[in-house]
Amino acid sequence: MHVLILGGTTEARRLAELLTASAGLKVTTSLAGRVAAPRRPPGEVREGGFGGAEGLAGWLAGHAVDVLVDATHPFAARISFHAARAAASARVPLLALRRPGWVPVEGDLWHETGSLDRAAELLPALGRRVFLTTGRTGLAAFAGRRDAWFLVRSVEPPEPPHPPHLEVLLDRGPFTLDGERALLRRHRIDVLVTKDSGGAATAPKLTAAREVGLPVIVVRRPPVPDGVPTVPDPEAAVRWIRQISR
């Protein structure tokens, strides 16, 4: 059986580890190639795009893929919809692996919104020193905000357009609670903007914001394409793959 994992996430790497330990499975992980030095999973690895849904469908057929797992970032909506179309066209079973989203708890001052553009509109009513953790590819939505200062944290340097008043912090999770507390104090942050990426690696910033009463703008994640089964963790994905391979 040949399993293709659309990945780059921590969950995708863990799934590749679990599957490569199983006899009789060929595992290929596809990385988008947007990060210069990605953490490479075990098994075979390919980098770069497929050329849309049609290109992915052709790759599935040409490489005799038996199962496709979409383990991309929860906000990688385009590739997820391409995967759904490609899997249907190639008649390959598709599974979405999505870490659970964050849930507000008592003391959180969340302002949920459906887009980065709307998040930008909510500023600076909620604050003028912004900790922006939405990734380097979404900064264009905030480029017109000349009335706020931004601390932008990303794995690689962002490219324009981006806000005129910003400081870039190059870093990769997981992050600690003590580190996030210190960061908020050091930069005098008064509002946090984040995507609902879920998971534990970047969650400490939410706790740190709650402790000091900071408002948090949370961009809701896009939905998984209709009809695609979803599991919350790599272990559940392995069980699903084993079940359909019987």
Side-chain angles (χ1 to χ4, degrees), residues 6-13 30-41 47-49 71-80 98-99 101-102 113 115-124 126-146 148-209 214-222:
L6 305 178
T9 60
T10 301
E11 292 79 14
R13 289 191 297 275
S30 175
L31 304 177
R34 295 175 181 171
V35 178
R39 297 172 179 172
R40 298 178 71 85
E47 295 190 45
T72 57
H73 191 277
F75 281 83
R78 179 177 296 180
I79 185 60
S80 293
R98 291 289 185 274
R99 68 187 76 139
W102 292 318
T113 184
S115 69
L116 290 173
D117 289 336
R118 178 55 183 156
E121 291 174 1
L122 294 175
L123 297 173
L126 298 174
R128 292 181 179 271
R129 294 188 64 83
V130 186
F131 184 23
L132 187 59
T133 65
T134 56
R136 64 189 178 97
T137 59
L139 297 187
F142 301 89
R145 292 255 68 120
R146 299 180 177 274
W149 176 89
F150 294 84
L151 175 66
V152 174
R153 182 165 67 191
S154 62
V155 176
E156 295 189 346
E159 298 180 355
H162 50 61
H165 310 297
L166 86 162
E167 179 177 334
V168 177
L169 176 61
L170 298 181
D171 205 353
R172 186 199 300 263
F175 302 105
T176 67
L177 179 55
D178 285 343
E180 299 293 59
R181 288 166 173 159
L183 183 148
L184 296 181
R185 289 195 303 269
R186 182 168 62 253
H187 295 280
R188 296 179 288 117
I189 299 300
D190 56 19
V191 60
L192 166 66
V193 182
T194 187
K195 293 177 177 178
D196 179 18
S197 300
T202 60
K205 63 191 173 189
L206 300 174
T207 303
L214 291 188
V216 180
I217 300 174
V218 180
V219 181
R220 294 186 296 270
R221 58 176 63 179

Step by step, would you call I217 with K195 a side chain to side chain contact (heavy atoms under 4.5 Å, CB included)?
-> CA-CA 8 Å; I217 300 174; K195 293 177 177 178; over 6 Å; no
Pairwise side-chain contact, V152 with H162, heavy-atom cut-off 4.5 Å (strictly under) = no
Spacing of T113 atom OG1 and D196 atom CG [to the nearest 0.5 Å] | 12.5 Å
Could you tell me which non-hydrogen atom of A141 sits nearest to which non-hydrogen atom of L116, and how far apart they are?
-> CB-CB, 3.7 Å
Shortest non-hydrogen separation from T72 to G7 and the atoms involved = CG2-N, 4.3 Å
Residue from T176, L184, L183 passing side-chain contact (heavy atoms from CB on, under 4.5 Å) with E180 = L183
Polar side-chain atom of R136 near backbone of V155 as donor-acceptor pair, under 3.5 Å = no
Shortest non-hydrogen separation from P204 to A200 and the atoms involved = CD-O, 3.4 Å
Taking atom CG of L206 and atom CG of L177, what is their separation to the nearest 0.5 Å?
-> 10.5 Å
Pairwise side-chain contact, L166 with L132, heavy-atom cut-off 4.5 Å (strictly under) = no
Test applied, side-chain contact (heavy atoms from CB on, under 4.5 Å); reference residue, W149; option that passes from R128, R188, H187 = H187
With rounding to the nearest 0.5 Å, note down the distance linking CZ in F75 to CZ in R220.
-> 9.5 Å
Does R145 reach the main-chain N or O of A120 with its side chain, forming a donor-acceptor pair under 3.5 Å?
-> yes
Heavy-atom side-chain contact between R99 and S197 under 4.5 Å = yes
With rounding to the nearest 0.5 Å, note down the distance linking OG1 in T133 to NZ in K205.
-> 3.0 Å
Here the pair of heavy atoms bringing R221 nearest to G101 is NH2-CA, 3.4 Å
Please test L151 against I189 for side chain to side chain contact (heavy atoms under 4.5 Å, CB included), starting from the C-alpha separation and ending with a verdict.
-> CA-CA 8 Å; L151 175 66; I189 299 300; 4.3 Å; yes
To the nearest 0.5 angstrom, please state how far the CZ atom of R181 sits from the OG1 atom of T207.
-> 8.5 Å
Calculate, to the nearest 0.5 Å, the distance between atoms OG1 and CD belonging to T137 and E156 respectively.
-> 11.5 Å
From CA spacing to verdict: side chain to side chain contact (heavy atoms under 4.5 Å, CB included), F150, L123 = CA-CA 11 Å; F150 294 84; L123 297 173; 3.9 Å; yes
So V193 and F142, side chain to side chain contact (heavy atoms under 4.5 Å, CB included) or not? Walk me through it.
-> CA-CA 11 Å; V193 182; F142 301 89; 4.1 Å; yes
Non-hydrogen atoms of A119 and V219 that approach each other most closely = CB-CG2, 4.1 Å
T202 and R153: side chain donor to acceptor below 3.5 Å = no
Heavy-atom pair with the smallest gap, counting every atom of G8 and R13 = O-NH1, 3.3 Å
